[in-house]
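Remarks on the structure that follows.
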Amino acid sequence: MFFKNFKIWETELAGRKLTLETGKMAGLANASIMARYGETEVLCNVTASAKPREGVDFFPLSVDFEEKLYSVGKIPGSFQRREARPSEKAILASRCIDRPIRPLFPKDLRNDCSVVATVMSVDPDCSPEITAMIGVSAAIAISDIPWDGPISGVNVGIVDGEIIINPTLEQREKSDLNLTVASTADLVAMIEAGANEIDDDTMFNAIMAGHEENKKIVKFINAIVEEVGKEKFEYESSDPDPEIMAEIEAFCIEDVKKALDTDDKNVRDERLLPIYEAVHEKFDERFEENPEKLDEIMYLVQKHVVRAWLKDEHKRVDGRGIDEIRPLNAEVDLLARVHGSGLFTRGQTQVLSIATLGGIRDAQSLDGLDEQTEKRYIHHYNFPSYSVGETKPSRGPGRREIGHGALAEKALLPVIPSIEEFPYTIRVVSEVLSSNGSTSQGSVCGSTLALMAAGVPIKAPVAGISCGLITGDEGVYGDFMTMVDIQGLEDFYGDMDFKVAGTKKGITAIQMDLKVHGLTPEIIKEAFAKTHKARNYILDEIMLPVISEPRAELSKYAPKMKTVAINPDKIGDVIGKSGKIIQQIQADYDVKVEIEEDGNVFVSGQDADKCDAAIEVIRLIASDPEIGAFYNGVVTRLMNFGAFVEIAPGKEGLVHISRLDVKRTEKVEDVVNVGDSVIVKCIGITDEGKIDLSRRDALIELEGMTPENEIDDKPRKPRNNHRRPKKD
């Protein structure tokens with residue numbers, strides 16, 4: 001056999017075949033796995049540098065989920081016809097893989113590590129994200145890179161009340177839950193969820209169901225590791241010398257405690273500056289080759305202080321109780337000309353959200369691997385450097401900003417009205433004005449305020465809150481403590497950021513970030529209980545007193561949207577040749593007309609009356625003339641035998657000269673001229689579809705005028721243009 005090291009393993013996951021193979025492709029990577037689930041195929045490669053990167057105080061791990069459109073038989077729509085920067089969904093998938101694998105690497109490892117999952121074939125029933133997560137886990141596990149894995153991941157759905165592992169495309173469309181759970185052999189390592197107001201107990205049961213399925217795949221991967229796993233390489237630890245660490249801590253720890261003991265981030269930073277200067281002045285000579293190491297030691301000293309206060313004294317740096325939320329404030333209508341705005345402040349975290357309403361064609365087009373081609377609710381999150389007191393230039397949204405925006409979008413999507421209820425595209429932008437922890441959940445609250453202020457009839461208000469975790473020396477299996485509404489330091493030095501958003505009825509979104517290997521069921525339950533109580537408090541005491549329900553009317557600056565359903569066969573009539581008729585309607589009424597393939601027509605404009613008038617015109621065009629009905633038309637042509645009147649754009653009929661007036665008419669020009677507006681009655685339609693109209697009947701019936709002459713009321717017959725042949 002050409003590939004001597006080629007091996008393949010097979011198991012079953014949720015009733016479908018899962019295979020992992022190695023030794024055939026990408027032989028120069030530290031490890032490579034081709035993961036196949038159904039007909040979804042993802043090539044997963046991991047590499048690590050031989051030496052640590054100098055001058056960094058973190059583990060330099062990069063995770064890339066690469067979408068290749070050939071995997072779904074598509075050619076990219078870009079000008080160059082090749083994949084460009086990762087889509088938002090690819091970035092979110094990368095983050096979803098990163099979060100459970102990162103805590104399992106040694107904390108003192110500084111070697112660059114790269115994970116690349118390339119999607120090469122997609123079966124709609126088998127998630128490429130889940131396939132990639134399992135493939136990446138297997139690749140790192142069999143590689144020589146130090147790692148305390150493996151992990152596994154599954155999707156969990158709920159269809160008709162039943163928990164489904166890795167639901168198919170059809171099941172996902174019906175599911176009330178879109179949950180991703182990653183696990184080690186014993187612990188839940190990552191939770192990402194979007195849900196249709198799921199209660200805490202149901203969500204917990206779904207997480208545990210996913211965890212149980214993950215245990216089987218972890219066992220499967222461990223068997224592969226036993227067979228082909230490489231010996232892990234040794235690396236140079238970045239941990240500081242314990243003796244020097246103890247000396248520096250003894251020198252500054254009391255000053256650090258005094259500096260940290262405040263609820264004001266600015267005051268804390270000012271107090272720490274002279275301490276840093278004093279430490280550098282005293283110890284720089286011992287760190288001539290690597291002065292940055294002193295800053296890393298100072299980080300560890302602060303971490304020790306914050307964790308000890310929380311764990312041993314139940315003390316928080318800002319003096320709050322363990323389950324006490326920071327001071328809260330909510331406002332609406334801060335910006336004059338926008339469609340809706342809401343400001344949410346929690347301590348020194350402040351988010352201003354702005355809602356904008358647009359037409360159906362403003363929906364975002366998507367060019368990805370799944371079946372979704374557009375979305376009409378869009379949430380964007382911006383995190384400028386001034387929000388944390390820094391001076392960095394703006395370079396567009398990074399992965400963190402995209403992830404936080406997607407989380408807020410996921411949280412609010414279940415309460416967004418359907419297109420039939422509210423025919424608008426909705427965009428919300430959350431501008432982080434000040435950040436000291438949990439800005440993503442602040443953007444959920446601010447966005448709810450902005451949507452209600454804009455008059456979007458959301459089904460229920462949504463609030464979000466985070467829960468933190470501190471563990472002892474024995475980790476999650478020993479004594480642990482959770483606290484609600486973590487601020488920046490508690491997130492930075494703590495073990496967990498468990499973000500939960502939802503209505504009073506149930507959960508709509510979850511995102512969990514960990515620095516430990518995973519969570520026990522007890523920690524998850526406690527986090528659910530605390531976040532549930534906190535978000536209800538935020539809704540009842542802070543948000544709803546400011547605006548209790550969506551406004552009944554839209555802002556005067558928002559476009560007014562009207563809809564009408566027409567026969568799809570009549571779409572061409574409304575559009576007209578080369579778009580002439582639809583362009584005329586838009587120009588005449590100062591509106592925007594959008595037509596769907598199913599015959600739904602959306603008309604938007606600043607003036608509601610003009611929108612209504614445009615809708616009436618569209619109805620006329622799309623409906624066949626009705627005998628006996630009256631129409632307000634415009635004279636378009638004059639002939640010796642009568643006048644042609646347009647009763648709707650592109651639709652005209654003939655008013656015979658005998659039916660132009662209640663009295664005898666010698667010349668058509670004596671009664672009407674081109675451009676005149678006249679009311680006419682439809683009195684007949686020929687077999688050829690020609691329309692007979694009468695102004696005379698309209699005058700008699702609508703204005704009560706008395707006719708001065710009698711005429712033949714028989715409808716006209718089709719003309720015979722064939723002459724009788726001459727006799728020989």
Worksheet entry | Electrostatic pair Glu12-Lys17, nearest N-O below 4.0 angstrom | no

Worksheet entry | Check: Ser175 side chain, Ile158 main-chain N or O, donor-acceptor pair, under 3.5 Å | yes

Discussion item. Counting C-beta onward and ignoring hydrogens, is there a side-chain heavy-atom pair between Glu192 and Arg99 closer than 4.5 Å?
Written reply: yes

Discussion item. Less than 4.0 angstrom from a charged side-chain N to a carboxylate O is my criterion; do Asp261 and Lys257 meet it?
Written reply: no

Worksheet item: Does atom CZ of Phe204 have more than 12 heavy-atom neighbours, drawn from other residues, nucleotides or ligands, at distances under 6.0 Å?
Response: yes

Worksheet entry | Exercise: identify the closest heavy-atom pair between Asp485 and Arg316 | O-NH2, 3.0 Å

Worksheet item: Salt bridge between Asp112 and Lys51, side-chain N to carboxylate O under 4.0 Å?
Response: no

Item to complete: Taking the side chain as every heavy atom from C-beta outward, state whether Val351 and Tyr381 have any pair of such atoms under 4.5 Å apart.
Response: no

Worksheet entry | Under 3.5 Å: donor-acceptor pair, side chain of Asn214, backbone of Val181 | yes

Worksheet item: Parallel under 30°, tilted from 30 to 60°, perpendicular over 60°: which one fits the rings of Phe492 and Tyr299?
Response: perpendicular

Discussion item. Just by distance, no angles: are the side chains of Ser87 and Glu67 close enough, under 3.5 Å, to form a donor-acceptor pair?
Written reply: yes

Worksheet entry | Spacing of Arg535 atom CZ and Ser466 atom OG [to the nearest 0.5 Å] | 13.0 Å

Worksheet item: Is any side-chain heavy atom of Met133 closer than 4.5 Å to a side-chain heavy atom of Ser152?
Response: no

Fill in: Side-chain heavy atoms of Leu177 within contact of Met203, under 4.5 Å
yes

Worksheet item: Distance-only, no hydrogens or angles: does the Gln171 side chain make a donor-acceptor pair with backbone N or O of Thr168 under 3.5 Å?
Response: yes

Response to the item:
Between Cys445 and Gly464 the two heavy atoms that sit nearest each other are SG-N, 3.5 Å

Item to complete: Would you mind reporting whether Arg16 and Tyr37 have side-chain heavy atoms less than 4.5 Å apart?
Response: yes

Worksheet item: Can Glu10 and Thr19 be counted as having a side-chain donor-acceptor contact under 3.5 angstrom?
Response: no

Worksheet item: Could you state the interatomic distance from OG (Ser435) to CD (Glu390), rounded to the nearest 0.5 Å?
Response: 10.0 Å

Discussion item. Using the rule given for side chain to side chain donor-acceptor pair (under 3.5 Å), can you reason through Thr40 versus Asp123, listing the C-alpha separation, both sets of side-chain angles and the distance that settles it, and then say yes or no?
Written reply: CA-CA 5 Å; Thr40 293; Asp123 176 349; 5.2 Å; no

Practice prompt. Kindly give the heavy-atom pair with the smallest separation between Phe65 and Ala90, and that separation in Å.
Written response: O-CB, 3.5 Å

Fill in: Distance-minimising heavy-atom pair for Ala138 and Leu20
CB-CD1, 3.8 Å

Discussion item. Counting neighbours of NZ on Lys303 that are heavy atoms of other residues, nucleotides or ligands and sit closer than 6.0 Å, is the number greater than 12?
Written reply: yes

Worksheet item: Can you tell if the side chain of His517 reaches within under 4.5 Å of the side chain of Leu104, non-hydrogen atoms only?
Response: yes

Worksheet entry | Pairwise distance CD(Gln441) to NE2(His404) - rounded to 0.5 angstrom | 8.5 Å

Worksheet item: Is a donor on one side and an acceptor on the other found under 3.5 Å between the side chain of Glu324 and the backbone of Gly321?
Response: yes

Item to complete: Would you give the length of the straight line joining atom SG of Cys96 to atom CD1 of Ile191, rounded to the nearest 0.5 angstrom?
Response: 11.0 Å

Discussion item. Between Arg110 and Glu236, does any side-chain N to carboxylate O distance fall below 4.0 Å?
Written reply: no

Item to complete: Decide whether a cation-pi geometry holds between Arg400 and Phe383; the criteria are a distance under 6.0 Å from NZ or CZ to the six-membered ring centre and an angle within 45° of the ring axis.
Response: yes

Practice prompt. Run the salt-bridge test on Asp318 and Arg326 with the 4.0 Å N-O cut-off and return the result as yes or no.
Written response: no

Practice prompt. Using a strict cut-off of less than 4.0 Å between a Lys/Arg side-chain nitrogen and an Asp/Glu carboxylate oxygen, indicate whether Asp144 and Lys232 qualify as a salt bridge.
Written response: no

Discussion item. Against the six-membered ring of Phe6, is Lys24 placed for a cation-pi contact (under 6.0 Å from the centre, within 45° of the normal)?
Written reply: yes

Worksheet entry | Residue Lys219 excluded, over 12 heavy atoms near NZ under 6.0 Å | no

Discussion item. Quick test of your reading of the model: are Glu490 and Arg320 salt-bridged, counting only N-O distances below 4.0 Å?
Written reply: yes

Worksheet item: When you check the gap from the basic side-chain N to the acidic O, do Asp370 and Lys89 get nearer than 4.0 Å?
Response: yes

Worksheet entry | Between OG on residue Ser94 and CG on residue Asp64, distance to nearest 0.5 Å | 5.5 Å

Worksheet item: Taking atom types as modelled, is there a side-chain donor on Thr471 or Asp495 under 3.5 Å from an acceptor on the other?
Response: yes

Worksheet item: To the nearest 0.5 Å, what is the distance between CD1 (Ile145) and OH (Tyr235)?
Response: 13.0 Å

Discussion item. So does Met120 get a backbone contact from the side chain of Ser71, meaning a donor-acceptor N/O pair under 3.5 Å?
Written reply: no

Item to complete: Answer with yes or no whether the side chains of Asn205 and Thr202 bring together a donor and an acceptor at under 3.5 Å.
Response: no

Practice prompt. Decide if atom CD of Glu162 counts as having more than 12 heavy atoms of other residues, nucleotides or ligands within a radius under 6.0 Å.
Written response: no

Worksheet item: Would you say Asp497 and Lys499 make side-chain contact, with heavy atoms under 4.5 Å?
Response: yes

Discussion item. With a 3.5 Å distance limit and no angle check, can you tell me whether Lys230 reaches the backbone of Asn30 through a side-chain donor-acceptor pair?
Written reply: yes

Discussion item. Using a strict threshold of under 4.0 Å (side-chain N to carboxylate O), is an ion pair present between Lys525 and Glu522?
Written reply: no

Worksheet item: Taking the six-membered ring of Phe59 as reference, does the NZ or CZ atom of Lys107 fall below 6.0 Å from its centre and within a 45° cone about the axis?
Response: no

Worksheet item: Is a side-chain donor-acceptor pair under 3.5 Å present for Asn45 with Ser32?
Response: yes

Fill in: Minimum-distance pair of heavy atoms, taken over all atoms of Ala139 and Val46
O-CG2, 3.8 Å

Practice prompt. Please examine the side chains of Phe220 and Asn222, heavy atoms only from C-beta on, and report whether any two atoms are closer than 4.5 Å.
Written response: no

Discussion item. One thing to verify: whether Lys7 and Glu21 come together as a salt bridge, which I'm taking to mean a side-chain N less than 4.0 angstrom from a carboxylate O.
Written reply: no

Item to complete: Spell out, as yes or no, whether a donor-acceptor pair under 3.5 Å connects the side chain of Arg268 to the backbone of Thr262.
Response: yes

